[in-house]
Number of protein chains: 2
Amino acid sequence: MKPNKETVRQRMKRFQEVCKNEGVRLTFQRITIFEAVAGSDEHPDAETIHKAVRKKMPTVSLDTVYRTLWLLHDLGLITTMGPPRERVRFDANTKPHHHFVCTRCGLARDFEHGEFDALKIPDEVKAMGNVETARVELRGVCFGCAKKG
Amino acid sequence: MKPNKETVRQRMKRFQEVCKNEGVRLTFQRITIFEAVAGSDEHPDAETIHKAVRKKMPTVSLDTVYRTLWLLHDLGLITTMGPPRERVRFDANTKPHHHFVCTRCGLARDFEHGEFDALKIPDEVKAMGNVETARVELRGVCFGCAKKG
DNA sequence: TTAGGTGCAAATTCTTTGCACCCTG
DNA sequence: CAGGGTGCAAAGAATTTGCACCTAA
């Protein structure tokens, strides 16, 4: 489930390239924070990421984590998802993908599915604007929660 | 675009029935707040709703608006959508529907589309849990924003 | 009548900002 | 070495809660 070494390596590489191209400095904080997001598939929120990076970098502040996450977001290196009533959550998977979200525990899992990437846009929507991305969000109860009753 | 009289009437009726069934009291505040959401298609946030209901009910407090909205949500009478980095927005359209969201101005428009309601759930996701709802979110730039450059 | 609902104000929670010092390029 | 980046502390915005009074059923 967790991104494998190779995936993480690719993401780090792209991160470094984009930063160089955009003239964004590669600081220890940014590298460590991006690494944390790139190595997780749990759509962590800012505070979770902060806790994780503190292990390598005990003095990093939460506000730097926020600043860095939104910077990475603006660079197109990570995306966000905001299940209502929860904190914003971050995701280093920038390939087209979709979500399964458990309405009970908040578990959010990515999945890729070519069919969903290629949905035919209804004319009604074409009349609203230019669609750039399509994301399907499937909601339900995960088996973990279902078991607990 | 705006829900027509008949739609609003139906929503109000359902609201009253559900409240009766669930033993939830029909207060002036609740009626007015639900009416405001039911009569809008703009996915207003709590503060927008507060401003709107104040016209009819100048003393209503923002916290009552919040409490009422989440109550309506828990009763299944309204749903929420949370575009990242924005406030939670509410929606009285509980029929299966999907969203077009402008990434520039935040415009969010509902659309119905049978094909999207009936998406075939991938086996991979069936292994995660029981899917209850499927919602497609199309993101792009609306024509209003595209024009402004 | 009476339990549930409301308004007020204060508390929380999450997130952002100003500023002086620091470090990458 | 210069300008972007960081940590700290404090501000801000959105949302929730405690409590005494009020009102729908």
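All chains are named by letter (A, B, ...) in the order of the sequence lines, taking the proteins before the strands, and each is independently numbered beginning at 1. Computed from a predicted structure; not experimentally measured.
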Contact list for DNA chain D against residues 8-29 of chain B - heavy-atom distance below 4.0 Å: R25(B), L26(B)
Holding to salt bridge (charged side-chain N to carboxylate O under 4.0 Å, His left out), I want the full list of residues that pass it with D63(A), two or more places apart in sequence or in another chain. R67(A)
Considering just the side-chain nitrogens and oxygens of W70(B), establish if one lies under 4.0 Å of OP1 or OP2 belonging to dT16(D). yes
Sugar-phosphate only, base, or nothing, as touched by R67(A) at under 4.0 Å among non-hydrogen atoms: base
Without swapping roles, check the side chain of S40(B) against the backbone of A36(B) for a donor-acceptor pair under 3.5 Å. no
Applying side-chain hydrogen bond (donor to acceptor under 3.5 Å, both in side chains), can you list everything that pairs with H99(B), at least two apart in sequence or on another chain? D110(B), R135(B)
Taking salt bridge (charged side-chain N to carboxylate O under 4.0 Å, His left out) as the test, write out the residues that go with R11(A), two or more places apart. none
Sequence-distant partners of R14(B), side-chain hydrogen bond (donor to acceptor under 3.5 Å, both in side chains), two or more places apart: T94(B)
Checking D45(B) now: which residues fulfil side-chain hydrogen bond (donor to acceptor under 3.5 Å, both in side chains) with it, not counting sequence neighbours? T48(B), R87(B)
What is the distance, rounded to the nearest whole Å, between atom CG of L69(A) and atom P of dT6(D)? 12 Å
State whether S61(A) places a side-chain N or O below 4.0 Å from either non-bridging phosphate oxygen (OP1 or OP2) of dC8(D). no
Helical bend (five base pairs per end, nearest 10°) for the helix from dT1(C)-dA25(D) to dG25(C)-dC1(D): 50°
Rounded to whole Å, the CG-C1' distance (L71(B) to dT15(D)) equals 16 Å
Donor-acceptor under 3.5 Å (H73(A) side chain, I78(A) main chain): no
For R9(A), check side-chain hydrogen bond (donor to acceptor under 3.5 Å, both in side chains) against everything at least two apart and list the hits. E6(A)
In whole angstroms, the gap separating P of dG7(C) from CZ of R54(B) amounts to 10 Å
Provide the full list of salt bridge (charged side-chain N to carboxylate O under 4.0 Å, His left out) pairs with a residue in residues 22-35 of chain B, sequence neighbours left out, each pair given once. E35(B)-K56(B)
To the nearest angstrom, how far is L62(B) atom CG from dA11(C) atom P? 18 Å
Any residue meeting salt bridge (charged side-chain N to carboxylate O under 4.0 Å, His left out) with K51(A), in chain and number order, not counting sequence neighbours: none
So, using salt bridge (charged side-chain N to carboxylate O under 4.0 Å, His left out) as the criterion, who are the partners of E112(A) when residues are at least two apart? K95(A)
Show me the protein contacts with nucleotides 9-14 of chain D, counting only N or O atoms at under 3.5 Å.
residue: dA14(D); atom: OP1; partner: R87(B); partner atom: NE; Å: 2.7
residue: dA14(D); atom: OP1; partner: R87(B); partner atom: NH2; Å: 2.2

Using whole Å, what does the distance between atom C1' of nucleotide dC22(C) and atom CZ of R30(A) come to? 14 Å
Using heavy-atom distances to pick each residue's nearest nucleotide on DNA chain D, tell me which of T68(A) and D45(B) is more 5'. T68(A)
Atom-pair distance (CD1 on I49(A); P on dT15(C)), nearest Å: 10 Å
